[in-house]
Amino acid sequence: IIDACRRMNALGINQGTSGNISLRHGDGLLITPTSTPYETMTPDQIVFMGLDGTHAAGQQRPSSEWRFHVDIMRSRNDVGAVVHAHPTYCTILAIMGLEIPPIHYMIAVAGGDTIRCAPYATFGTPELSAHALTALEGRFACLLDHHGMIATGSSLSKAMWLAVEVETLARQYHGCLQIGTPPLLPS
Ligand code: 13P
């Protein structure tokens, strides 16, 4: 998890202490602690949470986004890892309230012919989690309005791979929009 966090920042799809990562583990999940620099994060700071959203006393505080991590793991048996980041191009589109349409056939790697943008809700709230779950229906990734992106996968390496692909699609769409209205592929 810590390696993935550091890679997320090195790849340029996230910055600072933004973002968070979880991985299904036993009957719960392991999740990054809140507001902790990835360069100095140590394995003992990773928090184990039950699928009921509880964690043992004495551990670090889990990511402020633990709700959507827990809710995704609880409702999606096909998901083993969740990567949340603030990639620049995904976030630009999300600020503008745009979903990513089928501009390139690689859109299909997220599970359908669009990557939806979940409506805005304050970070860490049950409302944001509900919006994210809806936007993720039949998908492995979504944008979050005025916020960032969620990518999921059966494994952490697949979720990380998808996060990079989604940011690439967002960058391509942003580039197309500079020239005009891009023609779209059919479903
Ligand atoms: P945490 O440091 O609490 O994980 O929050 C970062 C973030 O990106 C919130 O959306």
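Each ligand, and each atom within it, is numbered from 1 in the order the structure gives. Remember, it's a predicted structure, so these values are computed and weren't measured experimentally.
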message = Side-chain heavy atoms under 4.5 Å apart, restricted to Ile/Leu/Val/Met/Phe/Trp/Tyr: what other residues fall into the cluster of Val79, or is it alone?
response = Leu29, Ile31, Val47, Met49, Leu51, Trp66, Phe68, Val70, Ile72, Met73, Val82, Leu128, Leu133, Leu136, Leu144, Ile150
query = Taking C-beta and beyond as the side chain, do Leu156 and Val83 meet within less than 4.5 Å on heavy atoms?
reply = yes
query = Salt bridge check: are Arg139 and Asp113 linked by an N-O gap of less than 4.0 Å?
reply = yes
task = Inspect the surroundings of NE2 in His25 and state if more than 12 heavy atoms from other residues, nucleotides or ligands are less than 6.0 Å away.
result = no
task = Apply side chain to side chain contact (heavy atoms under 4.5 Å, CB included) to the pair Glu65 and His147, showing each step before the final yes or no.
result = CA-CA 12 Å; Glu65 300 293 15; His147 188 159; 3.1 Å; yes
Check each N or O atom of ligand 1 against all protein N or O atoms and list the pairs under 3.5 Å, with atom names and distances to 0.1 Å, one per line.
residue	atom	partner	partner atom	Å
ligand 1	2 (O)	Ser35	N	2.8
ligand 1	3 (O)	Thr34	OG1	2.5
ligand 1	3 (O)	Ser64	N	2.8
ligand 1	3 (O)	Ser64	OG	2.7
ligand 1	4 (O)	Asn20	ND2	2.8
ligand 1	4 (O)	Ser63	OG	2.7
ligand 1	5 (O)	Ser64	OG	3.3
ligand 1	8 (O)	Gly19	N	2.9
ligand 1	8 (O)	His86	NE2	3.0
ligand 1	10 (O)	Glu65	OE2	2.6
ligand 1	10 (O)	His84	NE2	3.3
ligand 1	10 (O)	His147	NE2	2.9

inquiry  = How about CZ on Arg74, more than 12 heavy atoms from neighbouring residues, nucleotides or ligands closer than 6.0 Å, or not?
reply    = yes
